J.: 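I'd like to ask you about the structure that follows.
Below, chains carry the letters A, B, ... as their sequence lines are ordered, and counting in each starts from 1. Side chains included, hydrogens not; waters and symmetry mates left out as well; all remaining heavy atoms used. Quick caveat: nothing in here was measured; it's all calculated off a predicted structure.
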Protein chains: 2
Amino acid sequence: MDLQRIKYFLALAEQLHYWKTAEKVNITQSALTRQIQSLENELGLQLFERNKRNVKLTPAGKFLKEKWEVELSELAYIHQFAKQIHLGERGIITIAHPDSISASIMPDILAKITQAFPQLQIKLVQVLYENQLDFLKNYKIDLAITRDITSEQGIKSQKIYSDHLALVVPLAHSFKRFEDLSTESLKAQKFILPTKDEGSSYSEIIQALFKSYDFVPDVFLHSEFGSTIIALVRKGLGIAILPDSYMHHQSPGLRFIPLPFKTDILINWRADDHNPVLANILKLVFDY
Amino acid sequence: MDLQRIKYFLALAEQLHYWKTAEKVNITQSALTRQIQSLENELGLQLFERNKRNVKLTPAGKFLKEKWEVELSELAYIHQFAKQIHLGERGIITIAHPDSISASIMPDILAKITQAFPQLQIKLVQVLYENQLDFLKNYKIDLAITRDITSEQGIKSQKIYSDHLALVVPLAHSFKRFEDLSTESLKAQKFILPTKDEGSSYSEIIQALFKSYDFVPDVFLHSEFGSTIIALVRKGLGIAILPDSYMHHQSPGLRFIPLPFKTDILINWRADDHNPVLANILKLVFDY
DNA sequence: TCCATTAATGCAAAATACGCATTAATAAAT
DNA sequence: ATTTATTAATGCGTATTTTGCATTAATGGA
């Protein structure tokens with residue numbers, strides 16, 4: 001059944017006049033007549049009662065007019081919706097990101113996305129470092145924002161930001177400025193560090209930092225969660241090294257001493273992901 | 001847009017394989033390819049991601065598959081429903097009938113209708129005698145069951161039943177049998193009669209009855225409502241003449257004395273009413 | 001009775017859909 | 001690396017469907 005026929009029917013059901021209706025829908029009266037006839041044949045029921053002079057809806061026709069009107073609007077709405085999905089203006093995208101940037105660049109990125117595509121649904125999830133790529137490959141997430149460079153096949157990456165590492169100490173601590181740091185004074189500190197992940201580029205940078213001062217740190221606790229680390233430092237249990245993105249979190253009682261080491265933030269996605277939503281988001285984020 | 005195309009799409013979205021799908025829907029693979037292509041063109045979006053080896057739904061395609069499946073079932077249901085209306089198995093019909101038969105033939109008729117067409121909705125209304133034909137002509141009711149013969153143009157009638165008139169008296173009344181009636185004894189009675197409607201065939205029969213006894217009755221009250229009349233008779237305010245259909249009402253304390261006068265019950269409908277529901281009901285009622 | 005209006009129909013042209021055969025691309029097998 | 005099997009796309013001629021034009025038939029109103 002052709003929807004065009006239903007549209008013709010609805011027009012005629014409104015006008016109840018073949019000539020006027022035919023003109024309105026831009027076909028000839030004979031074409032309209034035959035469209036209605038074949039629609040009636042196809043349905044196996046009569047839509048109009050008509051003599052050579054008058055046109056009137058049958059009860060079944062009246063019923064179909066009401067129902068089909070609703071149905072056509074619904075189909076139009078579905079089409080509209082699908083088009084938005086096609087253009088990447090609508091849909092769901094799941095993003096994993098490290099806690100560290102949840103108060104720095106994430107709000108900016110999210111603001112940009114929701115402004116450009118207000119219909120988009122974004123799902124933010126926290127995923128352990130080690131699971132990120134697996135989740136990405138297994139379609140559990142669509143985007144992973146990481147501090148690690150990956151060379152995994154089928155995953156594409158792009159650097160979108162980089163921030164400095166910072167030494168995080170309580171306000172009362174003797175370290176006030178970068179110049180206060182020395183191999184001797186550092187040796188005396190207890191450190192709280194991110195989970196040591198072999199081969200993780202983020203860990204490597206921290207290791208490089210310690211190597212530059214030529215000492216092995218006294219690490220008494222590892223945690224993957226920055227907010228946990230910060231709480232521990234505030235309690236005076238030790239000092240930490242974190243990306244200075246954490247400065248954007250509200251963290252009274254702490255001092256961030258910037259260090260001359262940078263850590264990159266990368267965005268990762270499936271190379272074969274053709275979801276238009278993804279393309280739009282990537283475009284936005286690259287411009288960032 | 002042709003619904004057949006959507007059906008092809010849904011089949012392909014299920015199988016994700018052109019050859020198998022083409023076979024399943026009984027067209028060749030080339031035809032299927034082109035149907036999908038033209039559907040995509042028409043919609044202005046891509047439904048499948050495909051290379052020469054694999055077929056996969058795009059996000060928009062996945063969305064449309066889900067939605068269109070629902071929509072097609074809905075359309076099929078609507079078609080089904082419309083067909084029932086066409087066959088007169090479904091719909092609403094409004095019937096006006098006199099109070100007198102609400103306990104006699106109406107229950108039989110209604111039982112017959114609902115048994116034959118369980119999907120049918122019947123609306124029973126009480127309409128004043130004088131308004132019945134107007135309501136019928138103005139599409140406020142579809143069927144009028146009356147005791148009056150009408151010669152109105154555009155209205156068709158058919159006699160479906162006839163019942164006797166009966167004299168209605170309190171049990172204690174001196175009239176016990178038809179033989180107790182005489183001109184003398186009748187003259188002494190106070191009568192409660194239906195509203196005298198000039199030209200009404202029902203009234204005429206009652207007038208004929210009185211004429212046969214050659215006297216003019218002492219009528220102290222007219223009412224159009226049989227149940228009112230019965231209540232008044234029971235209270236001893238007078239005696240009445242009613243169709244013996246009222247015997248079927250539960251009316252303790254009353255005696256019905258059948259009279260040798262008959263009153264017809266007719267069913268009336270618009271001559272130009274082609275509602276299939278009506279045709280079905282008429283067929284049933286005529287067989288009654 | 002005649003006239004104006006209006007839906008249906010015959011026919012040819014245009015548009016569309018279809019099937020057959022072939023092509024091009026790609027994954028799996030050797 | 002090469003071959004083979006599989007599979008979606010495409011060119012082309014044919015069949016089907018739809019359309020417009022002109023005409024017809026029916027009907028209500030003057």
Side-chain angles (χ1 to χ4, degrees), chain A residues 1-58 60-62 64-65 153-154 270-274, chain B residues 1-58 60-62 65 137 153-154 270-274:
Chain A
M1 174 159 38
D2 197 334
L3 290 185
Q4 189 57 47
R5 280 190 181 161
I6 295 185
K7 286 180 190 155
Y8 290 154
F9 161 74
L10 288 179
L12 181 59
E14 203 61 48
Q15 294 269 333
L16 294 177
H17 193 289
Y18 274 80
W19 277 30
K20 290 180 195 167
T21 305
E23 194 175 8
K24 203 170 180 183
V25 297
N26 292 316
I27 53 171
T28 57
Q29 171 261 321
S30 82
L32 179 61
T33 291
R34 268 179 282 229
Q35 286 286 353
I36 298 293
Q37 283 173 342
S38 72
L39 181 57
E40 285 182 332
N41 274 336
E42 194 176 346
L43 292 170
L45 53 84
Q46 213 180 325
L47 295 168
F48 295 98
E49 247 180 75
R50 45 200 186 278
N51 48 37
K52 298 263 170 183
R53 196 113 191 125
N54 284 305
V55 182
K56 210 180 105 187
L57 279 168
T58 61
K62 197 176 163 189
L64 285 174
K65 168 171 150 48
Q153 207 181 4
R270 290 182 295 276
D272 67 345
D273 189 341
H274 296 120
Chain B
M1 172 157 41
D2 197 334
L3 289 186
Q4 189 56 48
R5 280 190 182 162
I6 295 185
K7 286 179 190 155
Y8 289 153
F9 160 74
L10 288 180
L12 181 58
E14 204 62 46
Q15 294 269 333
L16 295 177
H17 193 290
Y18 274 81
W19 277 30
K20 291 180 195 165
T21 306
E23 195 175 7
K24 204 171 181 182
V25 298
N26 292 315
I27 53 172
T28 58
Q29 172 261 320
S30 82
L32 179 61
T33 293
R34 267 179 282 229
Q35 287 285 356
I36 298 294
Q37 283 173 341
S38 72
L39 181 58
E40 284 182 332
N41 274 337
E42 194 177 345
L43 292 169
L45 54 84
Q46 211 180 327
L47 294 168
F48 296 97
E49 247 179 77
R50 47 199 184 278
N51 48 37
K52 299 262 170 184
R53 194 114 193 125
N54 284 305
V55 183
K56 208 180 107 188
L57 279 168
T58 61
K62 197 175 163 190
K65 167 170 151 50
K137 289 177 100 175
Q153 208 181 5
R270 289 182 294 276
D272 67 344
D273 189 340
H274 296 119

J.: Side chains of A:Ile6 and A:Met1: closer than 4.5 Å at any heavy-atom pair?
T.: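 Result yes, sub-4.5 Å side-chain heavy-atom pair found.
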
J.: Does any N or O in the side chain of A:Glu49 come within less than 3.5 Å of the main-chain N or O of A:Lys56, such that one atom is a donor and the other an acceptor?
T.: no

J.: When the nearest nucleotide of DNA chain D is assigned to A:Asp2 and to A:Gln29 on a heavy-atom basis, which residue is associated with the more 5' position?
T.: A:Asp2

J.: Do the side-chain N and O atoms of A:Ser38 and A:Glu42 include a donor-acceptor pair separated by under 3.5 angstrom?
T.: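 There is no such pair between these side chains.
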
J.: Measuring from the side chain of A:Tyr18 (C-beta onward, heavy atoms only), which nucleotide among C:dA7, C:dC20, D:dG20 has the closest atom?
T.: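 Closest of the options to the side chain of A:Tyr18: C:dA7.
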
J.: Out of C:dG19, D:dA9, C:dA7, which nucleotide sits closest to the side chain of B:Thr33?
T.: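 Of the options given, the side chain of B:Thr33 lies nearest D:dA9.
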
J.: Between B:Leu39 (CG) and C:dT16 (P), how many Å, whole number?
T.: 16 Å

J.: How many whole angstroms separate atom CG of B:Leu12 from atom C1' of D:dT7?
T.: 12 Å

J.: Expressed as a whole number of angstroms, how long is the span from A:Glu23:CD to D:dT19:P?
T.: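 Rounded to the whole Å, the gap is 17 Å.
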
J.: Please state whether the base of D:dC21 and the side chain of A:Thr28 form at least one donor-acceptor pair under 3.5 Å?
T.: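 Result: no qualifying N/O pair found.
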
J.: Ignoring the backbone of A:Arg34, work out which of C:dC18, C:dG10, C:dA8 is nearest its side chain.
T.: C:dG10

J.: In whole angstrom, give the distance that lies between atom CZ of B:Arg50 and atom C1' of D:dA9.
T.: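 Rounded to the whole Å, the gap is 9 Å.
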
J.: Taking for each residue the nucleotide of DNA chain D bearing the nearest heavy atom, is the 5' side occupied by A:Gln4 or by B:Trp19?
T.: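 Nearer the 5' end of the strand: B:Trp19.
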
J.: Ignoring hydrogens, what is the shortest heavy-atom contact between A:Phe48 and A:Thr58? Give both atom names and the distance.
T.: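 Closest pair (atom of A:Phe48, atom of A:Thr58, distance): C-CG2, 3.8 Å.
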
J.: Is the shortest side-chain heavy-atom distance between B:Glu14 and B:Lys24 below 4.5 Å?
T.: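 The answer is no; the side chains never approach within 4.5 Å.
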
J.: Should the side chain of B:Gln37 and the base of D:dA9 be counted as holding a donor-acceptor pair, with the cut-off at 3.5 Å?
T.: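 Answer no: no donor N or O sits under 3.5 Å from an acceptor.
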
J.: Choose from D:dT18, D:dA9, C:dC18 the nucleotide whose nearest atom is closest to any side-chain atom of A:Arg5.
T.: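 Selected nucleotide: D:dT18.
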
J.: What is the separation between atom CG on A:Asn54 and atom C1' on C:dT5, rounded to the nearest whole Å?
T.: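 Whole-Å distance recorded here is 11 Å.
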
J.: Using whole Å, report how far CD1 of A:Ile27 lies from C1' of D:dT17.
T.: 14 Å

J.: If you check the B:Val55 side chain, which of D:dA8, C:dT9, C:dA8 turns out closest?
T.: D:dA8

J.: What is the separation between atom CG on A:Asn41 and atom C1' on D:dT17, rounded to the nearest whole Å?
T.: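 About 14 Å, once rounded to whole Å.
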
J.: Please pick, from C:dA7, C:dC18, D:dA22, the nucleotide with the shortest atom-to-atom distance to any side-chain atom of B:Ala31.
T.: C:dC18

J.: Rounded to the Å, how far apart are B:Leu32 CG and D:dT7 P?
T.: 14 Å

